[in-house]
Amino acid sequence: MNTILVGAQWGDEGKGKIIDVLTKDADIVVRSQGGNNAGHTVEVGKEKYVLHLIPSGILWPKKTCVIGNGVVIDPVSLVEEIKGLEARGFKTKGNLLLSENAHLVFPYHRAIDELRELRKGKGKIGTTKRGIGPAYGDKAARVGLRLVDLLKPAQFKEKLTERIETNNIAIKALGGKSVPVKETLVAYEAAAKILRPYITNTVVWLHEALTKKKKMLFEGAQGTFLDIDFGTYPYVTSSNTTAGGASTGSGVPPHRMDRVVGCMKAYTTRVGEGNLPTESAQLADLFHGMGREFGATTGRARRCGWFDAVATHYAGLVNGFDEVAVTNLDGLDSLSEIKVCVAYELKGKRIDYPPVDLAEWNAIKPVYKTFKGWKTDTSKVREYKKLPVAARNYLKGIADLTGAELTIVSVGPRREATLWV
Ligand code: IMP
């Protein structure tokens, strides 16, 4: 059984935690897109781990983690993540493989990311400033450097020097400070020495694993509405965050994928700018007051809204959800009534699909259905049957509206706060 887990909303659906519990039944965990813009939080016992590039499967013994060709890697930040894990007793050598085909993120990508955002002013995307957009831009423009280049010092030096000099022209034009060639080379060459043993042909390795019938879990980063094709463009990230990205970003073909699990919060959140039709100040106050809904990568307060079933239903279409996992149910425990968006209204007309045009996104109004709240603490419940009837009705309601079977419910960040339906 090879499983793809993807976010059904705008990212931060709690995928890190669901991946962690699904890893128990997998041999290999694969990241196939995004970069260190992701922040996957996992709590094990009293310990909390926030992983940005390395699949959270690394927290389990005897699981191999693969960072596939579709990921963009900042090697300096990856080395920090490796060192952080090793310092906490996790073995990475032999358990972590990096695709030689994966593209690299450099300081000039981060500088350009930041300068473009500054220049856009109010129209900014609200990126994580990790250089993700410019790095994928270079990949598409065929001027990117890959991990394979990092392994060849002379070639790397030559290519990187040219790239820095060219990008410094753009950085200067945007009013920024030039990226130094020498310091960058030193930092990347040091990272290369540490990463060398991890770098391999992961496509061949994954196919050998398929032959041995190893079970794979594909860990999606970000969410469907941040997808470069299906998201709320241009307020999106620069990769395919949807199920198809698992194949193109790893080299494991679509017909070898057995199931797609959509991960969604029991409500909606988003960080950064862009449309969020069900945004609610009441919910933002409630969650922030509880100390939840702050970004794992940037610490930014997330925007909050009611569950948007128009969005998750569309996510079900483009990803082909077989199942859904609902997280953060406990966040809604105190409410007596809970709204769910079941359609949008655009210029007096009801629509069932998210629009494509930005002006239309801005003009839509959510049409709500109200569910009864349960007003009970669910965070200590450990069996699905023991959830209040109103909570189960709500969960079934949102899964039905999404069009997939509910199989997992999460009522807290820890492994044991997982209910199997
Ligand atoms: P970028 O990926 O840094 O270019 O940011 C583009 C958009 O995606 C911004 O709105 C970010 O806030 C959002 N984004 C990127 N990564 C994540 C994530 O892991 N979780 C939630 N939002 C993200």
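For reference, positions follow the sequence shown, starting with 1. Hydrogens, waters and symmetry mates are skipped; everything else that's a heavy atom, side chains included, is used.
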Does any donor atom in the side chain of [X] or [Y] lie under 3.5 Å from an acceptor atom in the other side chain?
{"X": "T268", "Y": "D308", "answer": "no"}
{"X": "S99", "Y": "N101", "answer": "no"}
{"X": "H109", "Y": "D138", "answer": "yes"}
{"X": "T128", "Y": "R130", "answer": "no"}
{"X": "N319", "Y": "T242", "answer": "no"}

Supply the atom-to-atom distance [X] [atom1] to [Y] [atom2], rounded to the nearest 0.5 angstrom.
{"X": "I408", "Y": "L22", "atom1": "CD1", "atom2": "CG", "result": "4.5 Å"}
{"X": "I19", "Y": "F218", "atom1": "CD1", "atom2": "CZ", "result": "10.5 Å"}
{"X": "E165", "Y": "L160", "atom1": "CD", "atom2": "CG", "result": "9.5 Å"}
{"X": "D227", "Y": "T232", "atom1": "CG", "atom2": "OG1", "result": "10.0 Å"}
{"X": "L332", "Y": "K265", "atom1": "CG", "atom2": "NZ", "result": "11.0 Å"}
{"X": "Y267", "Y": "T278", "atom1": "OH", "atom2": "OG1", "result": "12.0 Å"}

Problem set entry | Qualifying ring pair (Phe, Tyr, Trp, His ring centres under 6.0 Å) pairs with a residue from residues 383-414, counting only residues at least two apart or across chains |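 Output for this query lists F371-Y394, W374-Y394.
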For the backbone of [Y] and the side chain of [X], can you confirm whether one donor and one acceptor N or O come within less than 3.5 Å of each other?
{"X": "E219", "Y": "L5", "value": "no"}
{"X": "D27", "Y": "K215", "value": "yes"}
{"X": "T224", "Y": "G7", "value": "yes"}
{"X": "E279", "Y": "R303", "value": "no"}

Exercise. Which class fits the ring pair Y108 and F106: parallel under 30°, tilted 30 to 60°, perpendicular over 60°?
Worked result: parallel
For this session: Fit a plane to each ring of F225 and Y314, take the angle between them on a 0 to 90° scale, and name the class: parallel (under 30°), tilted (30 to 60°) or perpendicular (over 60°).
Result: tilted
Counting neighbours of [atom1] on [X] that are heavy atoms of other residues, nucleotides or ligands and sit closer than 6.0 Å, is the number greater than 12?
{"X": "K129", "atom1": "NZ", "value": "no"}
{"X": "F90", "atom1": "CZ", "value": "yes"}
{"X": "K369", "atom1": "NZ", "value": "no"}
{"X": "K172", "atom1": "NZ", "value": "no"}

Where at least one partner belongs to [range], residue pairs that pass side-chain hydrogen bond (donor to acceptor under 3.5 Å, both in side chains), sequence neighbours excluded:
{"range": "residues 149-162", "value": "D149-Q155, D149-K159, E162-T166"}
{"range": "residues 28-39", "value": "Q33-Q222, Q33-S239, N36-S77, N37-Q222, N37-T237"}
{"range": "residues 411-421", "value": "K17-T418, D20-R415, R414-E416"}
{"range": "residues 173-201", "value": "T92-Y198"}

Heavy-atom distance under 4.5 Å between the side chains of [X] and [Y], does that happen here?
{"X": "L59", "Y": "L51", "answer": "yes"}
{"X": "R256", "Y": "M216", "answer": "no"}
{"X": "L206", "Y": "I28", "answer": "yes"}
{"X": "F307", "Y": "M264", "answer": "yes"}

Exercise. Going through the distances and angles, do F294 and H288 end up as a side chain to side chain contact (heavy atoms under 4.5 Å, CB included)?
Worked result: CA-CA 8 Å; F294 293 94; H288 297 152; 4.0 Å; yes
For this session: Step by step, work out the ring pair (Phe, Tyr, Trp, His ring centres under 6.0 Å) result for Y49 and H40.
Result: CA-CA 8 Å; Y49 305 90; H40 291 167; over 10 Å; no
Exercise. Is the shortest distance from a Lys or Arg side-chain nitrogen in R302 or E293 to a carboxylate oxygen in the other one below 4.0 Å?
Worked result: yes
For this session: Walk me through it: do F287 and N328 pass the test side chain to side chain contact (heavy atoms under 4.5 Å, CB included)?
Result: CA-CA 11 Å; F287 299 141; N328 290 270; over 6 Å; no
Exercise. So which pairs with a foot in residues 313-325 pass salt bridge (charged side-chain N to carboxylate O under 4.0 Å, His left out), sequence neighbours left out?
Worked result: R259-E323
